[in-house]
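Below is one structure, written out as structure tokens; comments come after it.
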Amino acid sequence: MSDEFRANLTRAALGTAGAAALGIGYASLIERNAFALREVTMPVLEPGSSTLRVLHISDLHMMPGQRLKQNWLRELDNLDPDLVVNTGDNLSHQRAVPAVVQALGNLLARPGLFVFGSNDYFAPKPKNPLKYFRREHKRVLGEPLPWGDLRAAFTERGWFDVTHVRRDLEVSGVRIASAGVDDPHLKRDRYDTIAGPPNPLADLRLGITHSPEPRVLDRFADDGYDLVLAGHTHGGQLCLPFYGALVTNCDIDRSRVKGPSKWGAHTQLHVSAGIGTSPWAPARFCCRPEATLLTLVPAQRGGADADAARGRTESSESTVIRN
């Protein structure tokens, strides 16, 4: 091996190592804290309904000292949403409940619905990242977290826990039939407890789950729900340009790892990319932490022509991301 070749090889290795270090630094120090608001319009309400603004938040994975995240969350109340839906994984620390409650602030005074995820029940633990590429792997659960305290704080302020509960409510003149399940990622879902068609008089039939497992989405769709909200995936968390998410951490396909999509013939799905990360994997790449403001508008229904028009509306949904 010539000295020149050896020198070129060394320079290439150093360049690769340097690029990797820059990428890791960007993902862990910059993008992980580059919080964004996604704005999406979805035609899911009954014809003639009033527009409904829903703030979808998920996967806070809160630690007590995360001031940037807490301050950003506190400002979301300025969006003036009609309804807040929290799809779980709020905690990452035994003492994070006060931080979550204080960060959500005035949002807790607004109508709200919630379910919990695995990291409300159990603290995260370090794990081999290659496990995410295997659909079936042994789950490692950490120490129990004070989910009961968090539930009490949410419900005392007026939010409704829809875990295995069907609840009808009216928000800003829109009649909502809602139902939720416990975390399917931990196989705690018991859909049979809420099975059956929702209230036919509702303007919106809303399903809520932490992990968007197809078996649960199929049940919501079969029962006639208009919209299902979920989180859990972190949008893939570490994504590649022009390719997207490497994994979804559940059985949903990569094309639905975040944002709006269609599930079945009539049900819409929105998966939040989430706001936080596990403390053992504090990095995001090509997948900013986010909350979503969903503007729900009436859908066109009632025959083939209306279904075709509705299809055109759905295909033209606008998704805007801003700081």
*Will you find, in the side chains of Ser58 and Ser272, an N or O donor that is under 3.5 Å from an N or O acceptor?*
no

*Passes side chain to side chain contact (heavy atoms under 4.5 Å, CB included), His234 versus Asp59? Steps please.*
CA-CA 7 Å; His234 295 195; Asp59 297 271; 3.4 Å; yes

_Check whether Arg284 reaches the backbone of Asn33 with its side chain - one donor and one acceptor, N or O, closer than 3.5 Å._
no

*Examine distances only and state if a side-chain atom of Arg157 and a backbone atom of Ala153 form a donor-acceptor pair shorter than 3.5 Å.*
yes

*asked:* Whether the Asp223 and Tyr191 side chains hold a donor-acceptor pair (N or O, under 3.5 Å, no angle test) is what I'd like checked.
replied: yes

*What is the ring orientation for Phe154 with Phe114, classed by angle as parallel under 30°, tilted 30 to 60°, or perpendicular over 60°?*
perpendicular

*Find out whether Asp183 and Val115 are in side-chain contact, i.e. whether some heavy atom of one side chain is under 4.5 Å from a heavy atom of the other.*
no

_Would the distance check show the side chain of Asp182 and the main-chain N or O of Asp189 forming a donor-acceptor pair, the cut-off being under 3.5 Å?_
no

_Between Arg205 and Asp226 (salt bridge meaning N to carboxylate O under 4.0 Å), is one present in this structure?_
yes

*In terms of side-chain geometry, is the basic nitrogen of Glu170 or Arg175 positioned less than 4.0 Å from the acidic oxygen of its partner?*
no

*Answer with yes or no whether the side chains of Asp89 and His210 bring together a donor and an acceptor at under 3.5 Å.*
yes

_Sidechain-backbone polar pair: Gln102 side chain, Arg74 backbone, donor-acceptor under 3.5 Å_ = no

*Measure the shortest side-chain to side-chain distance between Val40 and Met42 over non-hydrogen atoms and say whether it is less than 4.5 angstrom.*
yes

*Row check, Tyr225 ring normal vs Arg219 NZ/CZ: under 6.0 Å, within 45°*: no

_If I compare all heavy atoms of Arg95 with all of Pro64, which pair ends up nearest, and what's the gap?_
O-CG, 3.7 Å

*Lys/Arg-Asp/Glu bridge criterion (N-O < 4.0 Å) met for Arg215, Asp218*: no

*asked:* Taking the cut-offs as 6.0 angstrom to the six-membered ring centre and 45 degrees off its axis, would you call Arg254 and Tyr243 a cation-pi pair?
replied: yes

_Less than 4.5 Å apart, side chain to side chain, heavy atoms only: is that true for Asp120 and Leu150?_
yes

*asked:* Less than 3.5 Å apart, any donor N or O on the side chain of Asn90 or Trp147 sitting next to an acceptor on the other?
replied: no

*Could you walk me through whether Asp203 and Ile176 pass the side chain to side chain contact (heavy atoms under 4.5 Å, CB included) test, one step at a time?*
CA-CA 6 Å; Asp203 301 311; Ile176 303 171; over 6 Å; no

*Should the pair Arg167 and Phe160 be classed as cation-pi, given the thresholds of under 6.0 Å to the six-membered ring centre and 45° from the axis?*
yes

*With sequence neighbours excluded, residues passing side chain to side chain contact (heavy atoms under 4.5 Å, CB included) with Val257*: Thr233, Ala245, Thr248

*With distance as the sole test, does Arg256 use its side chain to make a donor-acceptor pair with the main-chain N or O of Lys262 at under 3.5 Å?*
yes

_As a quick check of understanding, evaluate side chain to side chain contact (heavy atoms under 4.5 Å, CB included) for Leu83 and Leu55, giving each step before the final call._
CA-CA 6 Å; Leu83 175 69; Leu55 179 65; over 6 Å; no

_Going by the rule ring pair (Phe, Tyr, Trp, His ring centres under 6.0 Å), which residues pair with His56 if we only count those two or more places apart in sequence or in a different chain?_
His270

*Check Pro197 against Arg166 and note the closest heavy-atom contact, atom names and distance.*
O-NH2, 2.8 Å

_Flag side-chain contact, heavy atom, 4.5 Å: Pro212 against Cys250_ = yes

*Test item: Thr277 and Gln237 side chains (from C-beta on) under 4.5 Å apart, heavy atoms*: yes

